[in-house]
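On a predicted model such as this, the values are computed, not experimentally measured, just so you know.
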Amino acid sequence: MPYLNLKTELKKTNITNEEIAHVLRLRTEDVLDKLEGSGRFTIGEAMLLKKRYFPRMPLEYLFVHTASKP
């Protein structure tokens, strides 16, 4: 599942997709696409989200992109 750790942490802290879209200056639909795996976060976007919301968590943990098993 794409970005499972990020989605889990966002849910735990009640950060909405709309808030992420605002911070990244994207449409909410674009954020949803990235979180569901049809898009990817740029390194700049990943670093901005980490710095703003999860400064103590490793970038590698938050943005691991695991493939779905067949």
Side-chain angles (χ1 to χ4, degrees):
M1 178 173 270
Y3 304 114
L4 179 60
N5 295 340
L6 177 61
K7 289 192 277 189
T8 299
E9 297 302 329
L10 289 170
K11 190 170 188 162
K12 280 188 206 175
T13 54
N14 295 316
I15 298 168
T16 65
N17 294 333
E18 290 79 10
E19 187 174 348
I20 297 299
H22 178 74
V23 168
L24 296 180
R25 298 181 183 187
L26 298 171
R27 297 177 315 133
T28 303
E29 294 81 10
D30 295 332
V31 171
L32 289 169
D33 286 345
K34 290 177 186 232
L35 288 171
E36 294 306 316
S38 59
R40 294 249 180 171
F41 288 95
T42 67
I43 190 68
E45 291 167 344
M47 291 174 72
L48 181 60
L49 292 177
K50 178 203 177 328
K51 182 178 179 182
R52 177 139 184 178
Y53 298 112
F54 308 107
R56 298 183 193 272
M57 292 186 177
L59 197 62
E60 297 83 2
Y61 165 76
L62 290 170
F63 289 92
V64 67
H65 192 277
T66 53
S68 300
K69 294 184 180 181

With a 4.0 Å cut-off, would you call Lys7 and Glu36 a salt bridge?
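Glu36 and Lys7: salt-bridged.
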Q.
Between Thr28 and Asn17 (side chain of the first, backbone of the second, donor and acceptor by atom type, cut-off under 3.5 Å), is there such a pair?
A.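 Not at all, since once roles are kept as given, no pair shorter than 3.5 Å links the two residues.
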How many angstroms lie between [atom1] in [X] and [atom2] in [Y], if you round to the nearest 0.5 Å?
X	Y	atom1	atom2	answer
Arg52	Ile15	CZ	CD1	9.0 Å
Leu26	Ile20	CG	CD1	10.0 Å
Leu24	Glu19	CG	CD	10.5 Å
Arg27	Leu32	CZ	CG	10.0 Å

| query | Does the ring centre of Tyr61 sit less than 6.0 Å away from the ring centre of Phe54? | reply |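 They do not qualify: ring centres at least 6.0 Å apart.
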Point to revise | Whether over 12 other heavy atoms sit under 6.0 Å from Met47 CE | key: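 No, not enclosed.
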For [X] and [Y], work out which heavy atoms get closest and say how close.
X	Y	result
Met57	Glu9	CE-OE1, 3.1 Å
Val31	Ala21	CG2-CA, 3.6 Å
Pro55	Lys50	O-NZ, 2.9 Å

*Hey, are the side chains of Phe41 and Leu35 touching, using non-hydrogen atoms and a 4.5 Å cut-off?*
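Contact flag for Phe41/Leu35 side chains = yes.
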field: Non-hydrogen side-chain atoms of Leu62 and Leu49 separated by less than 4.5 Å
entry: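 Leu62 does not reach Leu49 side chain to side chain.
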Checklist line | Shared hydrophobic cluster for Val23 and Leu59 (ILVMFWY, side-chain gaps under 4.5 Å) | finding: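 Yes, one cluster joins them.
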Original post:
Knowing that exactly one of Leu6, Thr8, Asn14 qualifies, which makes a side chain to side chain contact (heavy atoms under 4.5 Å, CB included) with Leu10?
Top reply: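 Result for side chain to side chain contact (heavy atoms under 4.5 Å, CB included) with Leu10: Leu6.
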